[in-house]
Amino acid sequence: MLPSTMESPKMTSENSILTILQRDYANFPWQQTLSIYDADVYFQDPLTQFRGLARYEKMIQFLARWFQAIDLQLHDIARVDREITTRWTLSWTSPLPWKPRIAISGRSELTLNEAGLIISHIDYWDCSRWDVVKQHFQR
C-alpha cells in the first residue's frame, strides 16, 4: 500500500486545496492526500472511468507498482468557485525490456462539493491513446 495522507487537511491560506494539489502533483504517485477526495469521487481519463476513492487509490498504486521514474509536472493550476483546472505533463519509464520513456501532456478538471472535497476528476490528454502506444516503439 502506498503512503498517503489520510487526515483531514485544514483549509487555511497555507494549506488550501490548491496548495495540497500542488504538493500532491510534485510527489505523485507517493504521499497523495486522499482526504481531499469524496468517498464516491468520479474519475475519468481516456483509458478508464470509475467511481470511488478506494478504486482511485488502487489506480495510483498500480501506476507506482508497474511504472518507473514517474514524473508529474504541474504547469498551471487555477480555481474558479467549485472548479479547479490543471495543466500537466506526466512521464514515466515503461517496464518493457528496452525501457521506453513515455510522456503525456494534458489537463484535468476537478469539481468540488459544498464541503470542499473533490467529487469529480476528469483528465483530458493532448494526444490519442494510439499516440501513447506508438511512443513505446519509437526511438
Side-chain angles (χ1 to χ4, degrees):
M1 184 167 265
L2 293 179
S4 62
T5 306
M6 293 303 292
E7 69 276 357
S8 296
K10 294 179 182 172
M11 293 301 168
T12 64
S13 60
E14 285 121 30
N15 206 22
S16 72
I17 194 159
L18 295 185
T19 301
I20 293 167
L21 286 167
Q22 288 171 329
R23 184 177 59 233
D24 283 359
Y25 274 67
N27 294 329
F28 189 83
W30 313 107
Q31 300 172 340
Q32 299 298 286
T33 312
L34 299 175
S35 60
I36 62 173
Y37 293 87
D38 184 82
D40 198 35
V41 64
Y42 173 76
F43 177 83
Q44 178 181 329
D45 71 11
L47 294 178
T48 189
Q49 64 179 355
F50 56 82
R51 188 171 292 282
L53 185 56
R55 181 90 187 271
Y56 186 81
E57 185 176 18
K58 285 181 183 179
M59 175 192 63
I60 294 170
Q61 290 173 350
F62 172 83
L63 294 171
R65 182 174 293 121
W66 291 103
F67 301 107
Q68 301 167 352
I70 295 173
D71 182 37
L72 180 55
Q73 292 294 315
L74 180 63
H75 306 300
D76 189 47
I77 187 167
R79 178 178 178 180
V80 176
D81 299 321
R82 292 188 185 165
E83 301 295 324
I84 298 172
T85 57
T86 65
R87 294 274 308 128
W88 45 262
T89 301
L90 175 63
S91 58
W92 68 89
T93 301
S94 284
L96 297 169
W98 56 94
K99 306 283 188 206
R101 189 78 185 152
I102 309 303
I104 300 173
S105 63
R107 64 186 172 88
S108 297
E109 295 178 356
L110 298 91
T111 304
L112 306 175
N113 64 13
E114 296 83 18
L117 297 176
I118 298 168
I119 57 172
S120 176
H121 177 152
I122 301 175
D123 287 344
Y124 300 91
W125 296 355
D126 294 336
C127 61
S128 71
R129 293 181 291 185
W130 177 241
D131 289 333
V132 175
V133 170
K134 290 190 298 188
Q135 287 185 56
H136 287 82
F137 302 99
Q138 294 173 340
R139 294 208 178 237

Passing option when I102 is tested against V132, T93, L90 for side-chain contact (heavy atoms from CB on, under 4.5 Å): V132
Atom pair CG/CZ of D38 and R51 - distance to nearest 0.5 Å: 9.0 Å
Side chain proximity check, L63 to F28, heavy atoms < 4.5 angstrom: yes
Side-chain heavy atoms of Y42 within contact of F50, under 4.5 Å: no
Shared hydrophobic cluster for V41 and L117 (ILVMFWY, side-chain gaps under 4.5 Å): no
Over all atoms of both residues, closest heavy-atom pair of W98 and H136: NE1-O, 2.7 Å
D45 side, atom CG; H121 side, atom NE2 - distance, nearest 0.5 Å: 8.0 Å
Trace of the side chain to side chain contact (heavy atoms under 4.5 Å, CB included) decision for I17 with R79: CA-CA 9 Å; I17 194 159; R79 178 178 178 180; 3.8 Å; yes
Check: F43 and R55 side chains under 4.5 Å, non-hydrogen atoms: no
Distance in Å, I20 CD1 paired with Q32 CD, rounded so as to fall on 0.5 Å steps: 11.5 Å
Over 12 non-hydrogen atoms of neighbours within 6.0 angstrom of NZ in K134: yes
Test item: D71 and R101 side chains (from C-beta on) under 4.5 Å apart, heavy atoms: yes
Nearest atoms (heavy-atom pairs only) where I36 meets T33: CG1-O, 3.1 Å
Derivation of the side-chain hydrogen bond (donor to acceptor under 3.5 Å, both in side chains) call for D24 and Q22: CA-CA 5 Å; D24 283 359; Q22 288 171 329; over 6 Å; no
S105 versus T89, closest heavy-atom pair with distance: CB-OG1, 3.7 Å
M59 vs F62, side chain to side chain contact (heavy atoms under 4.5 Å, CB included): CA-CA, chis, key distance, verdict: CA-CA 5 Å; M59 175 192 63; F62 172 83; 5.6 Å; no
Hydrophobic cluster identity match, L47 and I122, side-chain contacts under 4.5 Å: no
Sidechain-backbone polar pair: Q135 side chain, V133 backbone, donor-acceptor under 3.5 Å: no
E109 side chain near T86 side chain, heavy-atom distance below 4.5 Å: no
Taking every non-hydrogen atom, the tightest pair across I84 and L18: CG2-CD2, 3.9 Å
S108 vs Y124, side-chain hydrogen bond (donor to acceptor under 3.5 Å, both in side chains): CA-CA, chis, key distance, verdict: CA-CA 6 Å; S108 297; Y124 300 91; over 6 Å; no
pair L112-I119: side-chain heavy atoms closer than 4.5 Å: no
Main-chain N/O of R23 paired with N27 side-chain donor or acceptor, under 3.5 Å: yes
D126 versus G106, closest heavy-atom pair with distance: OD2-N, 3.6 Å
same_hphob_cluster(Y25, L34) at 4.5 Å side-chain heavy-atom cutoff: yes
Derivation of the side-chain hydrogen bond (donor to acceptor under 3.5 Å, both in side chains) call for Y37 and E57: CA-CA 10 Å; Y37 293 87; E57 185 176 18; over 6 Å; no
Side-chain heavy atoms of R107 within contact of W125, under 4.5 Å: no
Side chain to side chain contact (heavy atoms under 4.5 Å, CB included) between L21 and I118, worked out: CA-CA 11 Å; L21 286 167; I118 298 168; 4.2 Å; yes
Q44 CD to Q49 CD distance, which is reported to the nearest 0.5 Å: 5.0 Å
Any T111 side-chain heavy atom under 4.5 Å of E83 side chain: yes
